[in-house]
Structures are given as C-alpha cells and as structure tokens.
K.L.:
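Right, I'll just put the structure down here and ask away after.
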Protein chains: 2
Amino acid sequence: MEKISETYEAPASNALDACAVAQSVAHQLRRAHGQFTHRFLFYFSRVNLRPGEFTALALIAEVPGRKQSEIAAAMGVQRANFVSLTNVLEGRSLIERRNAPNDRRSHALYITPAGASLLADARKAEADFEADCLERLGGTRARDQFLVLLSRLFG
Amino acid sequence: MEKISETYEAPASNALDACAVAQSVAHQLRRAHGQFTHRFLFYFSRVNLRPGEFTALALIAEVPGRKQSEIAAAMGVQRANFVSLTNVLEGRSLIERRNAPNDRRSHALYITPAGASLLADARKAEADFEADCLERLGGTRARDQFLVLLSRLFG
DNA sequence: TATTGTTATACTCTATAACTATA
DNA sequence: TATAGTTATAGAGTATAACAATA
C-alpha cells in the first residue's frame, strides 16, 4: 500500500494511451489500481482509513454482529489477513469484538459510537471521492455503466 | 502480489452485491483488483509473468532503446522500483541493458530473441485473458466502453 | 473431523531518501 | 545544479501453513 505525502506527484497522464497496450484490459487495469489507491488515500486522509478498512467498517455497521469470517468472505479477504485489519480498527476503538451468543469460537463484530462517528466522516470523504469519479466519468449514467461492467468483469 | 496455487479458491461471487456498498466505485474497485490479479496470474502462469513484467516487456518491445526512466514513467512506476523489475527481466535474459549512445548515465532497454519469443507466448496468454474479459463483459462494444470509462477515470 | 480465530512467514507492490556517475 | 540509475528501507496487501479452542 502506498503512503500519502505532499511531495509525491501522480503521473499526469496515461502514457500508455499512445501505445498498442492501450486496448488491453490487462495493461490498463494494472495501471488503474495505482491511480485508484493514490486518489483514495488523498480523499480519505482526513479519516485515516485505507480502502479495506473503510469497506470493513461499512460492512460491520451495515449488519452488526456478523462474524469475522463472514465479513472477510464478503470482502474477498482471507480470514487470516482480516485479523490484523480487525486489530487495527479495534485498537482505534472503532469496532468491538464480542462473544458470539451460540458459538464460543466466533467473535461478533460491532461498530462503536466512535466508529459510527468516524464512519459518518468517512462517508463524506467517500461522497467527495465518488463525486470526483462521477465528474471524470461524465455523469451518473456513465458511472452506473462503469459499475455494471466492473461487476460483470469481477463480480 | 499474490502467489499462484492450485488450492486457492477465488471468492465465488461478489458478496458486496447484496449490500449498500455495491453502488460505490471505491468499494468495488478495491475488491476488483484482487480478482484481477488472481485471474491474470492464472492466465499468465504459463509464461510466468506478473502484470508489471508483462507491460514492461510489451513497452520495451514496442519501442526499442528507450531509457529505464522512460518506461517506468509510461507505466506509472517509480524509477527506483523499476530497477528490480528490470533486473528480473534481464536475469531471465528477456531484455538487455545497453549503454545509451549520447548519455552515459542512461541505460537503453532492448528485448532479446528469448524475450521476443516469450512475449509471443505472453500475447497468447493475453488473448485468452482478454477473451475471458470480453465474454464476461458481453461483447466488444461493452469491452471498448469499459476501457473508455476506465481511461476517463484513471487516464 | 471441521471450523474460527490466530500466529508466523513469505512475497509483491509501492513510496521515500540518499548515494554515484554523469550531464 | 539537475538527472539516470541504484541501493536501502519501510509499509501495506495477500497467500500459505499450522496451532488451540470449540463445534
């Protein structure tokens, strides 16, 4: 994952456009991810959340009490790697592990008041990020179309 | 970067679809990249190339003699991180560093016969990968549309 | 036996700073 | 002074294997 700084300059334009690789989903997606990460961190620097942390927080808030492995599966993350993510969010007192009622192996995840508060700020950051995307894409129709195509490709 | 294995099972479906996060470019792109990497490595396991290596090889073949920093900039990679990438490709004798004619600081990059041969195989892998994408997206029109939107978003 | 959470490990990607040799 | 390549370092993401507690 990328670090945020003031000195780093994102590549100004896509230099692949002039080349034969421009028409390749493989080439373009590789490059797009770097840009995505950079832009996401810029918008979310206020709340200090990385993409995975934001998604986890949103999912935990949406359906309180789900198990770690359920959230991890929903995100497409290995449960082993979700442990450190959970530790970070719990260490910031944004979420809580509680004993699951019927299974003493499981931890049920709940958002805390502090977590809900930060999530509200994060949703504002997300709104700005999404507005940026909307403008670049050229309107809601193009945005919806992009999400449909992305979902077909990787859903 | 992900390792390739036979045991790993990619998440069967996008569990985010059922949630409010489905309509968010930020959530969906984070998840998409993991799927992309996994699928790319599956298709390119024959030639043992990772996404960045494939793009670098293609760019070096396209315009022989460009400097390392030029290729790195075209890819959106820091020149410091491009060094190890170059080392790997040169270590496999797929490319060659030569002295640049007018600047003794620079290395001009050239593809080797072995590199051209592997690149030909890689292009077959890419064709399969792109065909897979094409089928998922639902035709060339949707594919072109996706590339246009991706370019608007991160070009 | 299988599953949940966990730990440990390894590998990739990326950013940053500093060095060297040239320009 | 500035640039090209390099080295070193650090942080994040992910896969794998193995373990204890529990089902």
Side-chain angles (χ1 to χ4, degrees), chain A residues 1-11 29-38 40-42 44 48-56 66-73 75-88 90 97-109, chain B residues 1-11 29-38 40-42 44 48-56 66-73 75-88 90 97-109:
Chain A
M1 178 60 62
E2 190 179 329
K3 279 175 291 186
I4 269 294
S5 79
E6 291 77 28
T7 59
Y8 173 74
E9 284 292 320
L29 271 177
R30 188 208 63 81
R31 191 176 183 283
H33 183 252
Q35 295 281 94
F36 162 68
T37 303
H38 181 262
F40 183 98
L41 292 179
F42 170 76
F44 283 74
N48 192 27
L49 287 176
R50 324 184 150 293
E53 294 169 348
F54 174 54
T55 300
R66 279 194 285 187
K67 298 189 297 179
Q68 287 187 201
S69 49
E70 285 172 343
I71 304 284
M75 290 178 62
V77 167
Q78 304 283 318
R79 73 184 195 282
N81 294 321
F82 190 70
V83 172
S84 61
L85 218 170
T86 308
N87 289 342
V88 167
E90 196 177 35
R97 283 175 169 104
R98 297 190 202 156
N99 294 326
N102 295 325
D103 189 338
R104 288 166 60 195
R105 294 173 302 181
S106 299
H107 292 161
L109 299 182
Chain B
M1 179 60 62
E2 188 178 333
K3 280 175 292 187
I4 270 294
S5 79
E6 291 78 27
T7 58
Y8 174 74
E9 283 294 319
L29 271 177
R30 187 208 63 82
R31 191 175 185 283
H33 183 252
Q35 295 282 94
F36 163 66
T37 303
H38 181 262
F40 183 98
L41 292 180
F42 171 76
F44 283 74
N48 192 27
L49 288 176
R50 283 181 281 84
E53 295 169 348
F54 175 53
T55 300
R66 280 194 286 188
K67 298 190 297 179
Q68 287 185 200
S69 49
E70 286 172 342
I71 304 285
M75 290 178 62
V77 167
Q78 304 283 317
R79 73 185 195 282
N81 295 321
F82 191 70
V83 173
S84 61
L85 218 170
T86 308
N87 289 342
V88 167
E90 195 177 36
R97 282 175 171 102
R98 297 189 203 156
N99 295 327
N102 296 324
D103 189 338
R104 286 165 60 196
R105 295 173 302 181
S106 300
H107 293 161
L109 300 181

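Chain naming here is simple, since letters A, B, ... match the order of the sequence lines and numbering starts at 1 in each.
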K.L.:
Expressed as a whole number of angstroms, how long is the span from R50(B):CZ to dA15(D):C1'?
P.N.:
14 Å
K.L.:
Find the distance Q35(B):CD to dA15(D):C1' and express it as a whole number of Å.
P.N.:
14 Å
K.L.:
For the pair made of CZ in R97(B) and P in dA21(C), what is the distance, rounded to whole Å?
P.N.:
16 Å
K.L.:
Can a side chain N or O of T37(B) be found less than 4.0 Å away from OP1 or OP2 on dT14(D)?
P.N.:
no
K.L.:
I want to confirm an ordering. Mapping A108(A) and N81(A) to their closest nucleotides on DNA chain C, which one lands closer to the 5' end?
P.N.:
A108(A)
K.L.:
Does H33(A) put a side-chain nitrogen or oxygen below 4.0 Å from OP1 or OP2 of dG13(D)?
P.N.:
no
K.L.:
Does Q78(A) have a side-chain nitrogen or oxygen under 4.0 Å from the phosphate oxygens OP1 or OP2 of dA15(D)?
P.N.:
yes
K.L.:
Report the residues that fulfil salt bridge (Lys or Arg N to Asp or Glu O under 4.0 Å) with R98(A), sequence neighbours left out, ordered by chain and then residue number.
P.N.:
E96(A)
K.L.:
For E70(B), give me all partners under salt bridge (Lys or Arg N to Asp or Glu O under 4.0 Å), at least two apart in sequence or on another chain.
P.N.:
none
K.L.:
Produce a footprint string for nucleotides 18-23 of chain D: one letter per nucleotide, 5' end first; B if the base is under 4.0 Å from any protein heavy atom, S if only the sugar-phosphate is, - if neither.
P.N.:
---BBS
K.L.:
Does H38(A) have a side-chain nitrogen or oxygen under 4.0 Å from the phosphate oxygens OP1 or OP2 of dT14(C)?
P.N.:
no
K.L.:
Could you pick out which residue, V83(A) or S84(B), lies toward the 5' side of DNA chain C when each is mapped onto its nearest nucleotide?
P.N.:
V83(A)
K.L.:
Please enumerate all residues that pass side chain to side chain donor-acceptor pair (under 3.5 Å) together with R105(A), with sequence neighbours excluded.
P.N.:
D103(A)
K.L.:
How close or far is atom C1' of dC13(C) from atom CG of L85(B), stated in whole angstroms?
P.N.:
10 Å
K.L.:
From C-beta outward on S106(B), which listed nucleotide comes closest to its side chain: dA4(D), dT6(D), dT4(C)?
P.N.:
dA4(D)
K.L.:
Below the 4.0 Å mark, does dG5(D) have OP1 or OP2 next to a side-chain nitrogen or oxygen of S69(B)?
P.N.:
yes
K.L.:
Does F82(B) have any ring-ring contact (aromatic ring centres under 6.0 Å, His included) partners at least two apart in sequence or in another chain, and if so, which?
P.N.:
none
K.L.:
The criterion is side chain to side chain contact (heavy atoms under 4.5 Å, CB included); which residues satisfy it with R97(A), sequence neighbours excluded?
P.N.:
Q68(A), V83(A), T86(A), N87(A), E90(A), H107(A), L109(A)
